[in-house]
Visitor: 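The structure that follows is given in the form of structure tokens.
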There are 2 protein chains.
Amino acid sequence: MMTMTVNPYVSVDCVLLGFDGTQLNALIVRQSETMGDSAGIYKLPGSLIYMDEDLDEAAQRVLKQMTGLVQVNMMQFKAFGGADRLKNPADGVWLERFHHVDNSHIERIVTIGYTSLLRIDRRMEKLQGGYEAQWMPINELPELAFDHRDIVSEAVKTIRQRALLDPTLLFNLLPRKFTATQLRVLMETVQGVRIDVKNFHKKIATMPYVVPLEEKEDGVNHRAARYYKFKRPRKK
Amino acid sequence: MMTMTVNPYVSVDCVLLGFDGTQLNALIVRQSETMGDSAGIYKLPGSLIYMDEDLDEAAQRVLKQMTGLVQVNMMQFKAFGGADRLKNPADGVWLERFHHVDNSHIERIVTIGYTSLLRIDRRMEKLQGGYEAQWMPINELPELAFDHRDIVSEAVKTIRQRALLDPTLLFNLLPRKFTATQLRVLMETVQGVRIDVKNFHKKIATMPYVVPLEEKEDGVNHRAARYYKFKRPRKK
DNA sequence: GCAAAAGTGTTGTAATTACACCCATGT
DNA sequence: ACATGGGTGTAATTACAACACTTTTGC
């Protein structure tokens with residue numbers, strides 16, 4: 001088992017991105033119980049690492065602690081190591097409370113950013129430590145602690161690039177059954193372009209990992225759209 | 001000015017990649033003066049960071065210290081944070097000597113990997129601390145300290161991907177004047193594919209950033225090849 | 001029947017592939 | 001003259017871009 005000694009110099013932060021049908025959202029947490037100055041601060045799920053904990057493990061742990069989410073396939077995308085990352089005094093207060101370390105021991109923290117794409121309807125099951133997690137559109141984020149706003153925009157930048165090389169990434173953002181329009185709007189949003197509707201239907205017909213279903217939408221006041229599902233291709 | 005206090009938990013390591021006309025090489029250093037157990041160990045240029053030093057600054061500093069290279073445009077590519085990175089006892093001895101910190105203070109180090117592409121003919125000007133730097137083919141690396149072998153292969157993986165999105169990266173690997181064949185062999189090596197010679201000539205004719213010169217090879221015992229140069233495109 | 005979104009074909013252009021022989025130079 | 005690598009054209013295929021009307025459904 002691991003000792004619970006905190007490494008006061010290295011942290012991980014998780015940028016979970018979801019799609020609400022219109023825009024990308026990020027999962028933001030805040031300490032809900034008003035227990036001092038640090039309550040109410042919006043942050044990314046993140047924490048210092050323990051001494052004998054792998055970075056990847058730390059990212060999984062903190063995500064579970066703060067949101068209840070498990071088995072999220074996060075990938076590292078960047079380290080943030082500006083010497084002046086902890087400029088706001090309130091941030092130091094938060095570190096003290098959360099980690100039970102003396103503020104004076106916190107000199108400087110390098111954080112490793114992790115990110116993943118997630119269906120926005122995934123339930124945050126059990127929340128420990130009085131945290132509540134919520135999805136917030138990335139263009140309307142409130143003030144965030146530390147340099148978390150920069151971290152979010154770097155994550156989005158990374159995702160945009162990776163999605164170009166591997167379009168199948170985006171399917172993590174959609175429900176199991178989705179319509180052609182949902183997929184198209186998602187791609188338009190992530191890539192920041194407009195896609196021709198007719199050409200798009202042709203294109204998905206050639207994608208082996210997008211399979212049409214017989215099922216259709218129900219109860220909509222217009223023509224019902226066909227559902228599709230994503231079939232993960234065999235990895236070579 | 002910066003204080004010279006070492007942060008004993010965070011380091012940077014630099015993977016400089018060059019091309020010798022046949023294969024990718026990495027720049028490896030080793031302590032040349034035999035001053036104990038740690039001499040003779042091959043490593044990447046890297047070091048712990050100072051307390052009030054940005055990561056990017058640290059990468060530049062250590063590269064200069066160990067190879068004399070300055071103004072190398074490195075980019076961060078990954079953090080390495082396995083809890084067991086420092087498994088070899090000899091590695092601890094090295095840290096002690098280089099940083100003048102007590103070995104017992106080194107519990108666990110997270111390192112941030114930086115990488116860059118470099119012309120292999122760049123001279124390593126002044127070498128401090130008794131280090132000698134040399135290019136070594138990435139497929140014939142000797143045993144390296146820590147997990148530096150993993151770090152090299154992750155860097156190569158990253159470069160392969162980035163070169164797909166931005167082919168102009170590769171020109172950093174070539175001399176100012178290069179032949180079509182040199183460029184083709186480089187691309188074949190990095191991408192791991194074969195490229196049709198005739199189609200390749202057509203393709204470079206359409207690349208605005210590859211400009212043909214009048215100058216030709218000299219003193220070769222076959223038809224002289226035309227030289228080209230790389231003209232960096234205006235960044236938008 | 002009308003509002004609202006889904007779905008459907010054709011054509012022109014650009015990019016990519018496949019393929020085999022002659023050219024210039026040094027020895 | 002011969003060995004060595006440099007350089008060239010054409011045709012077929014495929015991928016991509018532009019563009020407007022008809023269909024289904026709920027109200």
Side-chain angles (χ1 to χ4, degrees), chain A residues 19-23 163-168 170 174-230 233, chain B residues 19-23 163-168 170 174-230 233:
Chain A
F19 184 64
D20 63 9
T22 306
Q23 41 191 332
L164 281 178
L165 288 173
D166 179 11
T168 65
L170 297 181
L174 292 174
R176 299 245 174 67
K177 294 170 180 175
F178 52 87
T179 66
T181 301
Q182 284 179 295
L183 177 57
R184 181 173 50 80
V185 172
L186 170 60
M187 289 185 165
E188 288 176 336
T189 305
V190 172
Q191 320 270 343
V193 296
R194 253 185 235 176
I195 303 176
D196 180 90
V197 179
K198 205 179 293 186
N199 291 336
F200 186 71
H201 276 275
K202 270 186 298 188
K203 170 158 279 183
I204 60 180
T206 72
M207 294 178 175
Y209 45 87
V210 178
V211 309
L213 304 176
E214 290 314 312
E215 203 176 342
K216 301 201 170 178
E217 274 181 324
D218 200 16
V220 289
N221 65 338
H222 57 75
R223 177 171 174 179
R226 173 186 289 274
Y227 280 120
Y228 294 81
K229 72 174 183 181
F230 173 60
Chain B
F19 184 65
D20 63 9
T22 306
Q23 40 191 333
L164 282 177
L165 288 173
D166 179 11
T168 65
L170 298 181
L174 293 174
R176 297 246 174 67
K177 294 168 182 178
F178 52 87
T179 67
T181 302
Q182 284 178 296
L183 178 56
R184 181 173 51 79
V185 172
L186 170 59
M187 288 187 168
E188 288 174 338
T189 304
V190 172
Q191 321 270 343
V193 295
R194 252 186 235 176
I195 301 176
D196 180 89
V197 179
K198 204 178 293 185
N199 292 334
F200 186 71
H201 276 275
K202 270 186 301 186
K203 170 159 281 184
I204 60 181
T206 72
M207 294 179 176
Y209 45 89
V210 178
V211 309
L213 305 176
E214 289 314 310
E215 202 174 343
K216 301 202 169 177
E217 274 181 325
D218 200 14
V220 290
N221 66 338
H222 54 76
R223 176 171 174 181
R226 173 186 289 273
Y227 280 120
Y228 294 81
K229 72 172 183 182
F230 174 59

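Protein chains get the first letters and strands the later ones, always in sequence-line order, with residue 1 at the start of each.
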Visitor: For residues A/Glu217 and A/Ala224, report the shortest heavy-atom separation together with the two atoms involved.
Guide: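 A/Glu217 and A/Ala224 have their closest heavy atoms at O-CB, 3.4 Å.
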Visitor: Tell me: CG of A/Asn199 to C1' of C/dG7, nearest whole Å?
Guide: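 Nearest whole value for this atom pair: 13 Å.
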Visitor: Could you tell me the separation between the CD atom of A/Gln191 and the P atom of D/dC16, rounded to a whole number of Å?
Guide: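 Taking atom P of D/dC16 as the reference, CD of A/Gln191 is at 13 Å.
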Visitor: Could you check whether any side-chain heavy atom of A/Leu174 comes within less than 4.5 Å of a side-chain heavy atom of A/Leu183, counting everything from C-beta outward?
Guide: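 Yes, close enough: below the 4.5 Å cut-off.
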Visitor: Provide, to the nearest angstrom, the distance between the CD1 atom belonging to A/Ile195 and the P atom belonging to D/dA18.
Guide: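 Between P of D/dA18 and CD1 of A/Ile195: 13 Å.
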Visitor: Whole angstroms only, please: what is the CG-C1' distance between B/Asp196 and D/dG9?
Guide: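 From B/Asp196 CG to D/dG9 C1': 12 Å.
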Visitor: List the atom of A/Ala225, the atom of A/Thr179, and the distance in Å for their closest heavy-atom pair.
Guide: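 Of all heavy-atom pairs spanning A/Ala225 and A/Thr179, the closest is CB-CG2, 3.8 Å.
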Visitor: Write down the distance between CD (A/Gln182) and P (C/dG7), rounded to a whole number of angstrom.
Guide: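 My rounded result for the distance is 11 Å.
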Visitor: What integer distance in Å separates A/Phe200:CZ from D/dC19:C1'?
Guide: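 A/Phe200 atom CZ is separated from D/dC19 atom C1' by 18 Å.
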Visitor: Measure from the side-chain heavy atoms of A/Val197 and tell me the nearest of D/dG9, C/dT8, D/dG7.
Guide: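 Of D/dG9, C/dT8, D/dG7, C/dT8 is nearest to the side chain of A/Val197.
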Visitor: Give the rounded distance in Å between these two atoms: CZ of B/Arg184 and C1' of D/dT8.
Guide: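 Result: 14 Å.
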Visitor: Any idea which heavy atoms bring A/Glu188 and A/Ile195 closest together, and the distance?
Guide: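 The pair with the smallest heavy-atom distance is OE2-N, 3.0 Å.
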Visitor: Is it the case that C/dA18 (base atoms only) and B/Lys198 (side chain only) share a donor and an acceptor within less than 3.5 Å, ignoring hydrogens and angles?
Guide: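 No, the side chain and the base share no sub-3.5 Å donor-acceptor pair.
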Visitor: Nearest whole Å is fine: how far is C/dC19 P from B/His201 NE2?
Guide: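 In whole Å, C/dC19 P and B/His201 NE2 are 19 Å from each other.
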Visitor: Considering only C/dA20, D/dG7, D/dA11, which nucleotide approaches the side chain of B/Lys202 most closely?
Guide: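 Of C/dA20, D/dG7, D/dA11, D/dA11 is nearest to the side chain of B/Lys202.
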Visitor: With a 3.5 Å distance limit and no angle check, can you tell me whether B/Arg226 reaches the backbone of B/Leu213 through a side-chain donor-acceptor pair?
Guide: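 Yes, the answer is positive, given that a donor and an acceptor are paired below the 3.5 Å cut-off.
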Visitor: Base, sugar-phosphate or nothing for B/Thr181? Non-hydrogen atoms, less than 4.0 Å.
Guide: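 Sugar-phosphate, backbone atoms only, no base.
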Visitor: Do the ring planes of A/Tyr209 and A/Phe230 sit parallel (below 30°), tilted (30 to 60°) or perpendicular (above 60°)?
Guide: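 Rings of A/Tyr209 and A/Phe230: perpendicular, as their planes differ by over 60°.
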Visitor: Would you classify A/Thr179 as touching base, sugar-phosphate or nothing, given that sugar-phosphate means primed atoms plus P, OP1 and OP2, and contacts are heavy atoms under 4.0 Å?
Guide: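 The answer is nothing, as A/Thr179 stays clear of every strand by at least 4.0 Å.
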Visitor: Can you tell me how far C1' in D/dC2 sits from the matching atom in C/dC22, rounded to whole Å?
Guide: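 D/dC2 and C/dC22 have their C1' atoms separated by 15 Å.
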Visitor: Identify whether the distance between the nearest side-chain nitrogen and carboxylate oxygen of B/Glu215 and B/Lys177 falls below 4.0 Å.
Guide: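 Looking at B/Lys177 together with B/Glu215, the answer is yes, because their closest N to O distance falls below 4.0 Å.
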Visitor: Do any of residues 207-228 of chain B sit with a heavy atom less than 4.0 Å from DNA chain C, and if so which?
Guide: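 Going residue by residue through residues 207-228 of chain B, the ones with a heavy atom under 4.0 Å of DNA chain C turn out to be B/Val220, B/Asn221, B/His222, B/Arg223, B/Ala224.
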